[in-house]
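Working notes for the structure below.
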Number of protein chains: 2
Amino acid sequence: MNGTGEIRQTDTATRILDAAEVLFVEHGFEATSMRMITQRAEVNLAAVNYHFGSKDALFQGVFTRRLTPLTQLAVQSLDKLEQAAKGAPLLVDAIMHAFMDAALDIAYDPKRGGVIFVRLLSRTFVETHPVLRESLPRHYEELVGRYASATARALPHIDQIELQWRLNFAFSAIFNAFAGNNILRLFVSDPVVNARDPRLIATYLVPFVVAGLTAPAVKMGASPDVNRA
Amino acid sequence: MNGTGEIRQTDTATRILDAAEVLFVEHGFEATSMRMITQRAEVNLAAVNYHFGSKDALFQGVFTRRLTPLTQLAVQSLDKLEQAAKGAPLLVDAIMHAFMDAALDIAYDPKRGGVIFVRLLSRTFVETHPVLRESLPRHYEELVGRYASATARALPHIDQIELQWRLNFAFSAIFNAFAGNNILRLFVSDPVVNARDPRLIATYLVPFVVAGLTAPAVKMGASPDVNRA
DNA sequence: GATTCAGTCAAACGATTGTTTGAAACATAC
DNA sequence: GTATGTTTCAAACAATCGTTTGACTGAATC
């Protein structure tokens, strides 16, 4: 194998995963064909079915490979915060930074996905494929559960329903922020902003979601007083 | 045929648009076949190509039908605010309510899309089809341009780059909030929140994005002192 | 050397894709 | 009535889809 001339840089299964990852992120599941994948990976068409069983299984494998390290790292990052706090509630700012640091860690590590990883995250939002819709909650369950309860302790004056909404909005903004500058181009024909650097995005993103999460409560109790400026 | 014996409730082209709208929103472009559309619309398979020319053209037609009223209404809503202000800067809260009111107006009008419309909005974010990617900026150009400059006047202390980021985050949260409770279910296996009522969503959504937009500036921009990133 | 077995390969599988066709059905005008 | 133009319909089109097949390769085991 190794030695004189490198016959193969990476094994077939990994090359398929790498090629499929890029194509799934770029075009989505349905618009990506087996032949596109195997052609980019420079492997035989039958290799996907041999190594993964089916296109569906490959799709799931692509996401599992990236999401497992993320959830582990993000939960671990929160663990350290809570241990240091010794039972005291955390700051929302610290909680959001904990998650963002975990994501950025992977975003700057090519071995764990690199820049393509953050775009994969946004894909978990939009793909309606049953295989993914069924497996994603398993991946996100512990992650979101931990971060939700940490945020709930940080914001005891916000009732649970409103907090659930805010977390939903926050993660929507977070996951979509990294989807690439396509979204900015969607709105502004000539955006000033360069969306390539995840760390730069996080600089603006964290204060935004923290402000949203820590805003005064809408629902205090009985009457939702809707007034307009 | 059905029930009372009315010959045809709506013409063929409209029935195709209605059926395609639901299916495109539910499954996306690639996962929706011509036969699924024509079967649901109860029209012949060839009717799509006859009335619209191609599947691509139908796709574009589905979005154009809904986005045109939205952008008109949203811009019109901002016009009224600015006329009443007589040149004074608007409140961010008022600006966001102006957009949200326009969206809600359509969301509660079955003739202009109803509940399916807000889910169509989120689709404009995720679909990577070239036909849509090319036509969307044309639709959103005036809308976003007007709201961006109104927000810029409301927040003169935020420099333009940071504001562009915040608007991007805000619209990400807004557009995704209406995508259905799928997103909530994605995170929480048993969400307390019922995501069916757009008006209820807006109640929590507007304060969130307003807080994010009006947060203290990360980067000081209004000063003559130029600092580079 | 014979056997075994994971892996690769070209070729083909049936099914489904978007689109086209030409005839039939329809409405309206002469 | 005939003529004209529009819309609908069943059938077929070539192309592509995900998957399967069976022969073949190369190295390890006996």
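Only a predicted model underlies this, so the values are computations on that prediction, with no experimental measurement involved. Hydrogens, waters and symmetry mates are skipped; everything else that's a heavy atom, side chains included, is used. Reminder, nothing fancy here: chain letters follow the sequence lines and each chain counts from 1.
A distance of 6.0 Å or more separates the ring centres of B/F171 and B/Y140.
Contact check, B/T12 against D/dT8: a side-chain N or O comes under 4.0 Å of OP1 or OP2. One finds no side-chain N or O of B/N44 lying less than 4.0 angstrom from the OP1 or OP2 phosphate oxygen of D/dT7.
D/dT19 atom C1' lies 19 Å from atom CZ of A/F59, rounded to whole Å. In this structure, B/Q39 places its CD atom 12 Å from P of D/dA10, rounding to the nearest Å. Spacing between atom NE2 of B/H27 and atom P of C/dT16 amounts to 16 Å, rounded to whole angstrom units. Between the C1' atom of D/dT7 and the CZ atom of B/R15 lies a distance of 14 Å, rounded to the nearest Å.
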Produce the list of close N/O pairs, under 3.5 Å, pairing protein atoms with atoms of nucleotides 13-17 of chain D; give distances to one decimal.
| from | atom 1 | to | atom 2 | distance (Å) |
| --- | --- | --- | --- | --- |
| D/dC17 | OP1 | A/S33 | OG | 3.4 |

Stepwise side chain to side chain contact (heavy atoms under 4.5 Å, CB included) check, A/L205 with B/W165: CA-CA 8 Å; A/L205 182 53; B/W165 276 116; over 6 Å; no
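B/F24 does not carry B/R123 over the face of its six-membered ring by the limits of under 6.0 Å from the centre and within 45° of the normal.
Shown here are the side-chain hydrogen bond (donor to acceptor under 3.5 Å, both in side chains) partners of B/T14, two or more places apart in sequence or in another chain: B/D11.
Ring geometry for A/F175 against A/F125 counts as tilted: the plane angle lies between 30° and 60°, on a 0 to 90° scale.
Closest of all the heavy-atom pairs between A/G61 and A/L17 is C-CD2, 4.0 Å.
Within a heavy-atom distance below 4.0 Å of DNA chain D, the residues of residues 45-53 of chain A found are A/L45, A/A46, A/N49.
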